[in-house]
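These notes are about the structure you will find just below.
All values reported here derive from a predicted model rather than from experimental measurement.
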Amino acid sequence: MHVLVLGGTTEARALAGLLHGRVRVTSSLAGRVASPRLPAGEVRIGGFGGVDGLVEWMAGHAVDAVIDATHPFAERISFNAARAAATAHVPLLALRRPGWAPGEGDDWRSVGSLEEAATALDGLGDRVFLTTGRMGLAAFAACPQWFLVRSVDAPDAPVPSRTEVLLDRGPFTLDGERELLARHRIDVVVTKDSGGAATAPKLTAAREAGLPVVVVRRPPVPSGVPVAATPEEAAAWVSR
C-alpha cells in the first residue's frame with residue numbers, strides 16, 4: 001500500500017513516523033521553507049502543477065490513499081487534493097489539528113482574512129506582534145503601525161515600512177513569549193488560528209498582559225472530505 005501525505009506540519013511528520021515500516025509512505029513538502037524538518041519515509045519537495053499534475057503523479061506512483069496534512073490555511077492545495085482524489089478515485093482524508101478557542105480573560109477579535117486583520121488593528125495599538133507567517137504580509141504594507149514579524153524564513157516583499165523581522169521556529173515557551181512581548185512593548189498580537197501547542201504560548205502571554213489578539217479564522221475543509229484530529233486517528237483510517 002502506498003500512502004501520499006501532503007504537508008510539512010508537525011502532524012504530517014508524526015503521521016509519517018507512524019506509517020513508516022507498515023506501508024510505503026511518501027511525504028510531499030511544498031518547498032516554502034529553506035531547511036524543512038524531514039519526516040520518515042520517502043520525501044518529495046515542490047508542487048505538482050495543479051490538479052492534473054497531482055492526478056498524474058498519483059497514477060504514476062500507484063498511490064492508494066492520500067492524507068492532506070497541510071497547514072490549516074493551505075487552502076489551495078487542500079481543494080486541489082480533493083478534486084484530484086475524486087478524479088483518480090483515491091480515498092482522501094484531511095488531518096487537521098483542532099483550532100484554538102478563547103478562554104476566560106482573552107480579548108480576541110475574529111476576522112476572516114489578513115486584509116480584515118489589517119483593518120481591525122485601527123485603534124488597538126501602535127506596536128504589533130505579527131505571527132501569520134512570511135507570506136501575505138502585503139495585506140499590512142500600508143499600515144502605519146510598527147510590526148514585529150516572526151517567521152521561519154525571511155518574509156516576501158512588500159512588508160510594512162516599520163518592520164523588524166525575527167527569524168525563529170517553534171515550539172515556543174510561555175516564559176519566552178512573555179519576555180518577547182515585554183521587550184518589544186507589544187500592544188496587540190495578530191495570528192492565524194493554526195491550532196496546536198507549538199505556538200499557543202503567545203496566546204497565554206497575551207491574555208496575561210491584557211493584550212487584544214486579532215485571530216484570522218480558518219478556511220473550511222473541502223466539502224465531503226472526512227477529517228481526523230490526530231496522527232493516530234489518521235493512521236487508524238489508513239489501517240481500515
Out of curiosity, [X] [atom1] to [Y] [atom2], how far, rounded to the nearest 0.5 Å?
| X | Y | atom1 | atom2 | value |
| --- | --- | --- | --- | --- |
| T163 | L148 | OG1 | CG | 9.5 Å |
| R13 | L18 | CZ | CG | 13.0 Å |
| S223 | F79 | OG | CZ | 8.5 Å |
| E11 | E233 | CD | CD | 11.5 Å |
| K202 | R207 | NZ | CZ | 14.0 Å |
| F129 | L180 | CZ | CG | 5.0 Å |

Looking at every non-hydrogen atom in both residues, tell me the closest pair between [X] and [Y] and how far apart they are.
| X | Y | answer |
| --- | --- | --- |
| A40 | G17 | CB-CA, 4.2 Å |
| L181 | A206 | CD1-N, 3.8 Å |
| V225 | A82 | CG2-CB, 4.1 Å |
| P231 | L15 | O-CD1, 3.6 Å |
| R169 | R37 | CD-NH2, 3.0 Å |
| G7 | A12 | O-CB, 3.2 Å |

Is [Y] reachable from [X] through a run of I, L, V, M, F, W or Y residues, each pair having side-chain heavy atoms under 4.5 Å apart?
| X | Y | result |
| --- | --- | --- |
| F147 | V159 | yes |
| V128 | V165 | no |
| L130 | V111 | yes |
| L92 | V227 | yes |
| L114 | V213 | no |

Hey, is the main chain of [Y] close enough, under 3.5 Å, to the side chain of [X] for a donor-acceptor pair?
| X | Y | answer |
| --- | --- | --- |
| D156 | M135 | no |
| T87 | R83 | yes |
| R127 | Q145 | no |
| T131 | V190 | yes |
| T9 | A69 | yes |
| R97 | A229 | no |
| R96 | D68 | yes |
| R44 | G47 | yes |

Can you confirm whether [X] sits close enough to [Y] that some side-chain heavy atom of one is under 4.5 Å from a side-chain heavy atom of the other?
| X | Y | result |
| --- | --- | --- |
| R22 | M1 | no |
| F48 | L6 | yes |
| V216 | D193 | no |
| L137 | V149 | yes |
| V188 | L211 | no |
| L167 | S151 | yes |
| R76 | N80 | yes |
| L4 | S28 | yes |

Electrostatic pair [X]:[Y] at N-O distance under 4.0 angstrom:
| X | Y | value |
| --- | --- | --- |
| D168 | R150 | no |
| E116 | R109 | no |
| R185 | D126 | no |

List the steps and the verdict of side-chain hydrogen bond (donor to acceptor under 3.5 Å, both in side chains) for T204 and R178. CA-CA 9 Å; T204 302; R178 288 168 174 156; over 6 Å; no

Assess the residue pair V5 and V3 against the criterion (side-chain contact (heavy atoms from CB on, under 4.5 Å)); give the C-alpha distance rounded to whole Å, side-chain angles, the decisive distance to 0.1 Å, and a yes or no. CA-CA 6 Å; V5 177; V3 178; 4.2 Å; yes

Expected list for residues 57-67: side-chain donor-acceptor pairs under 3.5 angstrom, two or more places apart:
| residue | atom | partner | partner atom | Å |
| --- | --- | --- | --- | --- |
| H61 | ND1 | W57 | O | 2.9 |
| D64 | OD2 | H2 | N | 2.8 |

Would R217 pass as a cation-pi partner of F73, given that its NZ or CZ must be under 6.0 Å from the six-membered ring centre and within 45 degrees of the axis? no

side-chain contact (heavy atoms from CB on, under 4.5 Å) between L124 and D187, intermediate numbers included: CA-CA 7 Å; L124 292 182; D187 299 315; over 6 Å; no

Which ring-ring contact (aromatic ring centres under 6.0 Å, His included) pairs, counting each pair once, include a residue from residues 80-121, with sequence neighbours left out? none

Crowding at NE2, H20 (>12 non-hydrogen neighbours, <6.0 Å): no

L121 and F140: side-chain contact (heavy atoms from CB on, under 4.5 Å), yes or no, with the steps? CA-CA 10 Å; L121 290 176; F140 302 90; 4.1 Å; yes

Assess whether side-chain contact (heavy atoms from CB on, under 4.5 Å) is satisfied between T70 and S78, documenting all intermediate values. CA-CA 7 Å; T70 57; S78 292; 3.5 Å; yes

